[in-house]
Amino acid sequence: MSENIKKKANDDRAELEVVDAGNRSSIHELISNWLVRLADAQMAHYVQSERLYFKANISGYALITSSTIVTAMLFMNAVGAWKLLLVIMSISSATLSGVVSFSRFAEKAEQHRSAAGCYGKLRRQLEKLNTIKSSLNDNDLDKQLKILRIEWEYTSQNAPLTPYSALKKVMKLKEEQKKKLK
């Protein structure tokens with residue numbers, strides 16, 4: 001693991017430690033930071049889910065098409081180029097069948113969609129906590145933040161790995177939104 005990645009992992013762990021509840025300004029910073037991170041995680045999982053559903057659809061349609069063509073051509077008395085086409089389509093169909101079975105795009109997409117939903121739930125809970133934090137005493141606020149942190153850790157542990165490309169796309173979308181607002 002590179003030094004930057006190790007440092008980032010340590011920073012993240014330290015940040016997830018709940019700040020001293022007596023310091024309201026640092027809690028405000030913590031909540032703001034967590035809201036951004038939860039929103040980014042949610043969007044990255046949705047982005048990855050969409051990509052995987054797209055791959056599942058394309059590979060599924062290609063498999064259906066190639067299987068149908070191979071099956072139809074079996075009833076022909078194929079010779080020459082038609083026979084070569086039948087062999088190529090048979091190989092393609094078998095390969096696509098293996099790719100679809102092994103890759104499990106739709107299953108992975110559903111896992112990412114589910115993780116995005118969990119991150120969204122956590123984000124909404126934190127948004128609600130942010131609106132009522134002034135009415136809570138320090139111990140109650142600290143308790144709520146600890147509960148949220150534990151739920152977040154559980155969600156992160158059970159969520160599928162999100163590729164960096166999905167996070168980059170989220171950052172790009174955020175930049176585009178900022179430009180539109182200016």
Side-chain angles (χ1 to χ4, degrees), residues 1-13 16 34-126 148-180:
M1 197 186 305
S2 77
E3 288 302 312
N4 287 341
I5 294 173
K6 284 181 186 175
K7 183 179 182 326
K8 174 79 171 120
N10 289 335
D11 290 347
D12 287 348
R13 265 188 242 111
L16 286 175
W34 282 10
L35 283 170
V36 169
R37 291 178 59 200
L38 285 169
D40 288 351
Q42 179 185 14
M43 288 305 300
H45 280 286
Y46 277 131
V47 164
Q48 188 62 14
S49 178
E50 287 176 5
R51 286 181 183 168
L52 289 168
Y53 276 126
F54 178 77
K55 287 180 181 181
N57 288 338
I58 294 299
S59 60
Y61 293 138
L63 178 59
I64 291 167
T65 302
S66 64
S67 298
T68 303
I69 291 170
V70 167
T71 303
M73 291 180 82
L74 286 175
F75 296 108
M76 292 176 33
N77 211 358
V79 291
W82 287 108
K83 181 143 183 123
L84 179 62
L85 179 63
L86 177 61
V87 169
I88 291 170
M89 291 302 292
S90 295
I91 292 169
S92 298
S93 184
T95 303
L96 278 169
S97 179
V99 167
V100 168
S101 297
F102 180 74
S103 298
R104 301 181 343 261
F105 293 127
E107 179 183 330
K108 290 177 184 177
E110 185 55 31
Q111 289 171 345
H112 281 283
R113 190 207 57 75
S114 177
C118 289
Y119 281 115
K121 177 185 144 221
L122 290 172
R123 184 183 47 77
R124 289 185 296 278
Q125 287 175 346
L126 188 57
L148 191 72
R149 179 186 49 108
I150 290 167
E151 287 183 39
W152 187 348
E153 289 170 353
Y154 178 78
T155 298
S156 295
Q157 248 179 357
N158 294 312
L161 182 64
T162 305
Y164 184 67
S165 60
L167 294 171
K168 281 175 42 178
K169 184 169 183 178
V170 169
M171 297 304 158
K172 184 179 176 184
L173 289 171
K174 286 171 73 173
E175 286 177 22
E176 289 173 3
Q177 285 178 342
K178 284 180 184 178
K179 287 180 185 176
K180 286 181 182 178

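What you see is a predicted model, and the numbers here were worked out from it, not measured in a lab. Residues take their numbers from the sequence shown, with the count starting at 1.
- In this structure the side chain of Arg37 never reaches within 4.5 angstrom of the side chain of Leu126, judged on heavy atoms.
- Gln48 has its side chain within reach of Pro163: a pair of non-hydrogen atoms, C-beta onward, lies under 4.5 Å apart.
- Gln42 meets the side chain to side chain donor-acceptor pair (under 3.5 Å) test with Arg123; sequence neighbours excluded.
- A search for side-chain contact (heavy atoms from CB on, under 4.5 Å) contacts involving Glu110 returns Tyr53, Arg113, not counting sequence neighbours.
- Counting heavy atoms from C-beta on, the side chains of Glu153 and Arg149 come closer than 4.5 Å.
- Note that CD1 of Ile69 is 12.0 Å distant from CD1 of Ile64, once rounded to the nearest 0.5 Å.
- Nearest heavy atoms, Tyr119 versus Ser156: OH-OG, 3.0 Å.
- A donor-acceptor pair under 3.5 Å links the side-chain atoms of Ser59 to the main chain of Ala56, judged by distance alone.
- Here the side chains of Lys121 and Gln125 are in contact, with some heavy-atom distance below 4.5 Å.
- Using cut-offs of 30° and 60° for the angle between ring planes, the His112 and His45 rings count as tilted.
- Using modelled atom types, one side-chain atom of Thr71 and one backbone atom of Ser67 make a donor-acceptor pair closer than 3.5 Å.
- When every heavy atom of Leu38 is checked against every heavy atom of Trp152, the shortest pair comes out as CD2-CE2, 3.6 Å.
- The shortest non-hydrogen separation linking Ala44 to Leu167 is CB-CD2, 3.4 Å.
- When side chains are defined from C-beta on, Lys174 does not count as touching Met43, because their heavy atoms never get closer than 4.5 Å.
- The shortest heavy-atom contact between Leu63 and Ser97 is CD1-N, 3.6 Å.
- A donor-acceptor pair under 3.5 Å links the side-chain atoms of Ser92 to the main chain of Ile88, judged by distance alone.
- The shortest non-hydrogen separation linking Gly60 to Val100 is N-CG2, 4.4 Å.
- Across every non-hydrogen atom of Val170 and Asp40, the tightest pair is CG1-OD1, 3.9 Å.
- Note that the CE atom of Met171 and the OH atom of Tyr164 stand 8.0 Å from one another [nearest 0.5 Å].
- The CG atom of Leu161 sits 11.5 Å away from the CD atom of Gln111 when rounded to the nearest 0.5 Å.
- Legend: residues meeting side chain to side chain donor-acceptor pair (under 3.5 Å) with Thr68, ordered by chain and number and at least two apart, are absent.
- Classification of Lys179 and Glu175 as a salt-bridged pair fails, no side-chain N sitting under 4.0 Å from a carboxylate O.
- The NZ atom of Lys108 lies 9.0 Å from the NZ atom of Lys55; values are rounded to the nearest 0.5 Å.
- The structure places CD1 of Ile91 at 10.0 Å from CG of Leu86, a figure rounded to the nearest 0.5 Å.
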